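Nothing here was measured: the structure is a model prediction, and the numbers come from that model.
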Amino acid sequence: MQEQFARAEVVSPELLDACVDLRVACERAGHPLGQRRHDVDRWIAATAVHLGVPLVFRDVPGLRFETALED
């Protein structure tokens with residue numbers, strides 16, 4: 001199993017581009033995710049943007065905001 005983890009691609013070039021694009025968009029919008037101290041949160045948000053899934057973060061450029069789970 002450890003060999004499988006060693007071969008796993010954690011960050012694809014597309015995900016890296018999504019994170020860079022998100023940082024630029026957040027910096028331009030004055031959103032806190034553009035700040036270095038929010039690097040981890042930005043990776044999480046960029047992953048959601050890249051995968052096209054909702055995540056509860058407010059006013060993140062390109063991120064669909066969900067307020068409640070659907071039944």
Side-chain angles (χ1 to χ4, degrees):
M1 180 178 259
Q2 189 172 5
E3 291 175 15
Q4 291 172 326
F5 284 122
R7 291 181 300 187
E9 183 177 349
V10 177
V11 178
S12 68
E14 295 82 13
L15 178 54
L16 181 58
D17 288 344
C19 193
V20 170
D21 293 344
L22 182 59
R23 182 173 186 169
V24 170
C26 287
E27 285 175 347
R28 287 182 179 155
H31 192 280
L33 285 183
Q35 300 170 3
R36 186 173 188 83
R37 66 182 175 169
H38 295 292
D39 283 349
V40 174
D41 292 331
R42 188 174 49 256
W43 274 109
I44 294 167
T47 301
V49 170
H50 175 66
L51 296 174
V53 297
L55 185 64
V56 180
F57 272 103
R58 276 209 174 272
D59 304 321
V60 175
L63 186 64
R64 194 171 79 227
F65 179 67
E66 296 286 327
T67 57
L69 297 176
E70 294 181 17
D71 293 332

Separation between [atom1] of [X] and [atom2] of [Y], rounded to the nearest 0.5 Å:
X     : Y     : atom1 : atom2 : answer
Glu27 : Arg42 : CD    : CZ    : 7.5 Å
Leu15 : Thr47 : CG    : OG1   : 4.5 Å
Ile44 : His38 : CD1   : NE2   : 12.0 Å
Leu33 : Trp43 : CG    : CH2   : 13.0 Å

Assess the residue pair Arg23 and Asp39 against the criterion (side-chain contact (heavy atoms from CB on, under 4.5 Å)); give the C-alpha distance rounded to whole Å, side-chain angles, the decisive distance to 0.1 Å, and a yes or no.
CA-CA 9 Å; Arg23 182 173 186 169; Asp39 283 349; 4.2 Å; yes

Hydrophobic clustering (ILVMFWY, side-chain heavy atoms < 4.5 Å, transitive) - are Val40 and Val49 grouped together?
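Hydrophobic grouping puts Val49 with Val40.
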
Give me the atom names and distance for the closest heavy-atom approach of Leu22 to Ala45.
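It is CD2-CB, 3.7 Å.
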
Non-hydrogen atoms of Ala46 and Cys19 that approach each other most closely
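It is CB-CA, 3.5 Å.
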
Heavy atoms, side chains only, cut-off 4.5 Å: are His50 and Ser12 in contact?
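With C-beta onward as the side chain, the pair touches.
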
